[in-house]
Amino acid sequence: MTKNKSNTVNLVTGGAGFLGSHLIDRLMNKGEEVICIDNFFTGAKKNLVQWFDNSNFELIRHDITKPITLEVDRIWHLACPASPIHYQFNPIKTAKTSFLGTYNMLGMAKRVGAQFLLASTSEIYGDPEVHPQPESYRGNVNPIGIRSCYDEGKRIAETLSFDYKRSHNLDIKVARIFNTYGPRMLPNDGRVVSNLIMQGLKNESMTLYGDGKQTRSFCYVDDLINGLIKLMNANLHGPINLGNPKEITIIELAEIISKKLNISEKFIFKDLPKDDPLQRKPVIKEAKDNLNWTPLVDLDQGLEKTINYFKNL
Ligand code: NAD
Ligand code: UDP
């Protein structure tokens with residue numbers, strides 16, 4: 001495959017998934033070229049069908065644990081299942097995707113001199129003992145638990161990225177993404193926003209794990225994609241937190257969603273999954289100061305758009 005010198009050629013791994021497909025929409029709308037690699041484990045062609053007739057777009061069914069040779073300028077490395085039920089479905093595969101997949105993509109970046117952005121995660125902080133979490137916090141991760149395939153997978157992916165920078169002077173960027181939600185989340189991916197909305201729409205009880213007092217901070221997808229693009233364009237390596245610092249408990253989220261759906265609150269409490277972090281909120285000073293990035297969509301607006309998406313499925 002030859003590279004069109006007149007235009008930026010982007011490779012988006014995991015581009016058929018939730019975040020990847022929104023990123024591709026943005027890059028395509030800017031008139032850039034995009035190659036998407038996906039094995040369709042949690043992604044779907046329907047997220048990209050709007051670009052199938054556009055000659056700037058190519059879709060490759062490929063598993064990134066296997067090497068591939070392409071000529072590109074920028075690699076946006078998102079491929080990895082992100083919801084607990086999906087990354088725990090085959091944990092060894094998740095670890096392979098995180099290590100071998102990242103290794104293969106960094107190898108490609110080195111060979112062609114491409115910029116490389118890793119979609120890392122707040123999970124690298126584990127169940128944090130420092131609150132809120134700045135980038136300097138090194139985390140509290142269980143290395144042998146049910147979330148470890150993902151948490152430790154992303155930690156080694158960060159390590160690999162920085163070792164490629166130190167050893168080969170690669171222009172790497174690491175984004176630590178906090179809980180993000182919006183249209184194109186899978187209705188059955190088990191994540192809290194999709195679960196509670198779907199349960200509410202079906203008039204079922206909303207499942208709350210533990211006492212529901214654990215916290216998360218939810219970022220709307222458009223804000224997150226803005227942050228990723230700003231990071232790729234900046235002379236910065238990170239790691240950098242990208243997330244909305246507005247922190248709420250899971251019960252509060254369920255109450256807000258019930259109100260928005262105009263239904264009476266019906267909750268059922270279930271056991272808290274092992275190693276489920278009790279609190280999570282990003283410090284985003286680095287992103288504000290260095291990328292001039294801050295989330296703009298509040299939870300109210302974001303949930304409205306997300307609920308409309310699920311209603312129309
Ligand atoms: P997603 O599951 O919707 O997307 C992941 C995509 O990667 C899917 O299309 C899947 O089919 C593909 N994929 C998985 N394994 C692959 C493999 N071995 N080879 C090729 N393709 C593969 O998840 P998402 O929410 O869009 O997350 C995208 C990235 O962002 C992930 O790396 C995730 O860890 C990171 N992230 C997401 C969030 C969030 O809240 N959504 C938070 C933190 C980090
Ligand atoms: N959660 C819940 N009910 C659900 C799904 C999730 O109470 O139906 C909780 C889960 O235990 C966690 C929080 O909501 O404390 C966020 O879960 P999610 O899987 O969305 O994200 P992550 O745990 O990866 O941050």
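Counting starts at 1 for both ligands and their atoms, in listed order.
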* Is S83 in contact with ligand 2, taking contact as a heavy-atom separation below 4.0 Å? ->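 No, S83 has no heavy atom closer than 4.0 Å to ligand 2.
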
[atom] [closest protein heavy-atom partner, distance rounded to 0.1 Å]:
atom                    : answer
atom 13 (C) of ligand 2 : I250 CD1, 3.7 Å
atom 1 (N) of ligand 2  : Y209 CD1, 3.3 Å
atom 8 (C) of ligand 1  : T42 OG1, 3.2 Å
atom 21 (O) of ligand 2 : N179 ND2, 3.3 Å
atom 23 (O) of ligand 1 : A82 CB, 3.5 Å
atom 3 (N) of ligand 2  : T207 O, 2.7 Å
atom 25 (O) of ligand 2 : R280 NH1, 2.6 Å
atom 37 (C) of ligand 1 : L19 CD1, 3.7 Å
atom 41 (N) of ligand 1 : R191 NH1, 2.9 Å
atom 40 (O) of ligand 1 : T180 N, 2.8 Å
atom 19 (N) of ligand 1 : I64 N, 3.0 Å

Is it the case that more than 12 heavy atoms not belonging to [X] sit under 6.0 Å from its [atom1] atom?
X    : atom1 : result
D289 : CG    : yes
K259 : NZ    : no
L313 : CG    : yes
N235 : CG    : no
F89  : CZ    : no
K230 : NZ    : yes
N29  : CG    : yes
R111 : CZ    : yes

Any side-chain heavy atom of [X] within less than 4.5 Å of one from [Y]?
X    : Y    : value
F267 : E255 : yes
L291 : L231 : yes
V192 : N179 : no
R216 : I250 : yes
L299 : Y181 : yes

Between ligand 1 and [X], is the shortest N or O to N or O distance under 3.5 Å?
X    : value
I177 : no
K154 : yes
N179 : no
D38  : yes
I37  : no
A79  : no
N39  : yes

Is there a heavy atom in [X] that sits closer than 4.0 Å to ligand 1?
X    : answer
R184 : no
H62  : yes
A16  : yes
Y87  : no

* Asked: Side chain, backbone, both or neither: which part of S120 comes within less than 4.0 Å of ligand 1 when only heavy atoms are counted?
  -> backbone

* Structure fact -> Quick look: T97 vs ligand 1, heavy-atom contacts under 4.0 Å, and the answer is side chain

For [X], the ligand 2 atoms whose distance to one of its heavy atoms is below 4.0 Å:
X    : value
L208 : 7 (O)
G190 : 5 (C)
R191 : 19 (O), 20 (O)

Where's the contact between [X] and ligand 2, heavy-atom distance under 4.0 Å: side chain, backbone, both or neither?
X    : answer
K270 : neither
R147 : side chain
D276 : side chain
M206 : neither
E123 : side chain

If you take the nearest heavy atom of each of [options], which one is closest to [atom]?
atom                    : options             : value
atom 18 (P) of ligand 2 : V192, N195, V193    : V192
atom 28 (C) of ligand 1 : L228, L100, L78     : L78
atom 36 (N) of ligand 1 : F18, F40, Y150      : Y150
atom 5 (C) of ligand 1  : C80, G20, G17, G43  : C80
atom 35 (C) of ligand 1 : S83, C36, G15, A119 : A119

* Which one of M105, M232, K173 satisfies the side chain to side chain contact (heavy atoms under 4.5 Å, CB included) criterion with F116? -> M105

* Per the side chain to side chain contact (heavy atoms under 4.5 Å, CB included) rule, which among D163, I75, L160, L118 passes with L106? -> L160

* Asked: Does I197 offer a backbone N or O that forms a donor-acceptor pair with the side chain of K260 under 3.5 Å?
  -> no

* Hey, does Q214 come in under 3.5 Å of ligand 2, counting only N/O atoms on both sides? ->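 Yes; the residue has a nitrogen or oxygen that sits under 3.5 Å from a nitrogen or oxygen of the ligand.
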
